[in-house]
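Take a look at the structure set out below.
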Amino acid sequence: MFKRSPSGFYNAPVTKSILIGTVSISLLTSILNWKKYLHLQLFPHVVSQHQFWRLFVSQLAFTRSGEVLLGSLLIYQARLLERLYGSAKYASFLLLSLALSTAIQCLTLAAGRSYLKAIPPGPYAVIFSALFQYYRMVPAVYSFKIGKIPVGDKAAVYILAFQLILSRSPMSLIASISGLIVGTLYNANIGGVKRWRIPIFFSRLCSQYIFPLVKSMPPARSNLPSRPGRASPSSEPSTPTPEANPATVVRETFSSTLTEDTLGTDPVQVEELQHMFEHLPREVIVRVLAISNNDLNAAAAALLEVST
């Protein structure tokens, strides 16, 4: 179910950095017995003792091995968003999610002071803010039935998310809901938040000194035949037809003079795909949709491959 695009962290340095950082800090805090410093508690830590650093460190790491495993799998799956957004926009989105969700959690603790004590440590909010975008932007490629119940290929991701929500319920539920709220606000572009980007100097600093350390190579492409009966790799390779790989065809026909009218695409489907893949030119989306015979799910899967 997790095979939705090339595996690994190619074109996803932000995701790889966050995953390494989350696992490393979680392990370090466990070894050094620093777990007690990670949870977010307004009274007395922040308000009375002025431990404002808790506002930042509370979402840096988990304190339980099960949470680390579930969180790591969800962070890894969110690499699809980075490939869709681009690293700069994705990093900006995560920082916004961190800041806004922390503010929401503080307001919640203040409002429920008598019965809400502390928010458990871990990037719950950031993960669920990203999951909301994953739900909105990454289409289902296929579905199947368990009995009479239809199940999409994204079901495994949602099952993991549900387990993470319940890991420290009810407080983990509050942390997760704060992330979903931020994801909703971002998707609705309240206050023009989608336009905000991290400072250029910081982006260049990461590009020059951090991302090269976590750079991943492109996934290897197999030369084996994809269907029984085809020639072996040692035989003369056959020329792929346009129907065999829509993403490849789009790259090769970028300069084509075909228009939307001649391709016969559905304008409504084109607009929907444009909303999902804002960074891709409209002509690319039109050609992929045409090659996919106006199958929206197949076109979305091909566009996801183009994005990688």
Side-chain angles (χ1 to χ4, degrees), residues 13-76 78 82 90-113 116-131 161 164-165 167-183 185-186 196 198-199 202-203 205-206 209-211 213-214:
V14 173
T15 302
K16 187 174 183 180
S17 301
I18 292 174
L19 185 57
I20 293 174
T22 300
V23 173
S24 301
I25 297 175
S26 299
L27 180 61
L28 184 63
T29 54
S30 179
I31 293 174
L32 299 178
N33 196 25
W34 288 350
K35 295 180 180 180
K36 59 184 178 181
Y37 300 115
L38 294 181
H39 65 275
L40 178 59
Q41 186 173 0
L42 290 184
F43 306 96
H45 295 320
V46 176
V47 176
S48 301
Q49 300 174 4
H50 307 297
Q51 296 178 5
F52 298 112
W53 45 267
R54 286 183 181 268
L55 299 175
F56 172 71
V57 303
S58 63
Q59 296 200 49
L60 286 184
F62 294 106
T63 55
R64 295 181 180 178
S65 57
E67 296 167 355
V68 174
L69 176 60
L70 293 173
S72 297
L73 290 173
L74 293 173
I75 291 171
Y76 174 76
E82 182 175 357
Y90 187 61
S92 303
F93 160 71
L94 293 180
L95 286 176
L96 274 173
S97 299
L98 177 66
L100 295 178
S101 62
T102 301
I104 293 174
Q105 291 172 14
C106 289
L107 292 174
T108 303
L109 289 174
R113 178 180 179 181
L116 297 178
K117 300 302 181 183
I119 300 294
Y124 289 94
V126 173
I127 289 174
F128 278 88
S129 180
L131 279 179
L164 186 61
I165 287 177
S167 61
R168 291 198 181 188
S169 185
M171 301 310 295
S172 58
L173 176 62
I174 294 176
S176 303
I177 290 177
S178 69
L180 293 175
I181 292 174
V182 173
L185 295 175
Y186 187 87
W196 184 82
I198 58 177
F202 184 75
S203 179
L205 182 68
C206 293
Y209 299 104
I210 297 179
F211 291 165
L213 299 178
V214 296

Practice prompt. State whether a side-chain donor-acceptor pair under 3.5 Å links Ser30 with Arg64.
Written response: no
Fill in: Pairwise distance OG1(Thr63) to CD1(Ile25) - rounded to 0.5 angstrom
13.5 Å
Worksheet, complete the sentence: Smallest heavy-atom separation, Leu40 atom then Gln105 atom, equals CD2-OE1, 3.7 Å
Fill in: Smallest separation among heavy atoms of Leu131 and Ala161, with atom names
CD1-CB, 3.6 Å
Worksheet item: Taking C-beta and beyond as the side chain, do His39 and His45 meet within less than 4.5 Å on heavy atoms?
Response: yes
Discussion item. Going by ring pair (Phe, Tyr, Trp, His ring centres under 6.0 Å), name the residues that satisfy it together with Phe52, two or more places apart in sequence or in a different chain.
Written reply: His50
Practice prompt. Working to the nearest 0.5 Å, report the span between CD1 of Ile174 and CG of Leu109.
Written response: 7.5 Å
Discussion item. Are there over 12 heavy-atom neighbours, none belonging to Phe43, within less than 6.0 Å of that residue's CZ?
Written reply: yes
Response to the item:
Residue set satisfying side-chain hydrogen bond (donor to acceptor under 3.5 Å, both in side chains) with Ser101, at least two apart, ordered chain then number -> Gln59
Worksheet item: Say you draw a straight line from OG of Ser26 to CG of Leu69; how long is it, rounded to the nearest 0.5 Å?
Response: 11.5 Å
Worksheet item: Excluding sequence neighbours, so at least two apart, what forms side-chain hydrogen bond (donor to acceptor under 3.5 Å, both in side chains) with Ser92?
Response: none
Fill in: Any pair counted as salt bridge (charged side-chain N to carboxylate O under 4.0 Å, His left out), so long as it reaches residues 26-55, sequence neighbours left out
none
Worksheet entry | Thr108 and Arg113: CA distance, side-chain angles, deciding distance, side-chain hydrogen bond (donor to acceptor under 3.5 Å, both in side chains) verdict | CA-CA 8 Å; Thr108 303; Arg113 178 180 179 181; over 6 Å; no
Worksheet entry | Leu55 and Cys106, any side-chain heavy atoms less than 4.5 Å apart | yes
Fill in: Partner set under side-chain hydrogen bond (donor to acceptor under 3.5 Å, both in side chains) for Glu82, not counting sequence neighbours
Thr15, Ser87
Discussion item. Rounded to the nearest 0.5 Å, what separates atom CG in Leu95 from atom CG in Leu100?
Written reply: 10.5 Å
Worksheet item: Can you check whether Leu19's main-chain N or O pairs, donor with acceptor, with Thr22's side chain at less than 3.5 Å?
Response: no
Worksheet item: Can Val214 and Ser17 be said to form a side chain to side chain contact (heavy atoms under 4.5 Å, CB included), step by step?
Response: CA-CA 7 Å; Val214 296; Ser17 301; 3.5 Å; yes
Worksheet item: Is there side-chain contact between Val182 and Ser97, with heavy atoms separated by less than 4.5 Å?
Response: yes
Worksheet entry | Where Glu67 and Arg168 come nearest, the two heavy atoms and their spacing | OE2-NE, 2.8 Å
Worksheet item: Partners of Ser167 by side-chain hydrogen bond (donor to acceptor under 3.5 Å, both in side chains), sequence neighbours excluded?
Response: Tyr124
Practice prompt. Before giving the answer on side chain to side chain contact (heavy atoms under 4.5 Å, CB included), spell out for Ser129 and Leu180 the whole-Å C-alpha distance, their side-chain angles and the decisive distance to 0.1 Å.
Written response: CA-CA 5 Å; Ser129 180; Leu180 293 175; over 6 Å; no
Discussion item. Determine whether a donor-acceptor pair (N or O, by modelled atom type, separation under 3.5 Å) exists between the side chain of Ser203 and the backbone of Pro199.
Written reply: no
Item to complete: Please report the shortest heavy-atom distance between Phe62 and Pro121, naming the atom on each side.
Response: CD2-O, 3.9 Å
Discussion item. Against Leu94, only a single residue in Ile127, Ile198, Ile18 fulfils side-chain contact (heavy atoms from CB on, under 4.5 Å); can you say which?
Written reply: Ile18
Worksheet entry | Exercise: identify the closest heavy-atom pair between Tyr90 and Ala130 | OH-CB, 4.3 Å
Fill in: Spatial distance of atom CG (Leu98) from atom CG (Leu60) [nearest 0.5 Å]
7.5 Å
Discussion item. Please determine whether the number of non-hydrogen atoms from other residues, nucleotides or ligands lying under 6.0 Å from atom OH of Tyr37 exceeds 12.
Written reply: no
Discussion item. To the closest 0.5 Å, what do you measure between CD1 (Ile75) and CD1 (Ile20)?
Written reply: 11.5 Å
Discussion item. Is there a side-chain contact between Leu164 and Phe128 in this structure, where contact means two heavy atoms from C-beta onward sitting under 4.5 Å apart?
Written reply: yes
Practice prompt. Tell me, yes or no, whether the heavy-atom count around Trp53 atom CH2, taken from other residues, nucleotides or ligands under 6.0 Å, exceeds 12.
Written response: yes
Worksheet, complete the sentence: Tightest non-hydrogen contact, residues Ile165 and Leu173, listed as CG2-CD1, 3.6 Å
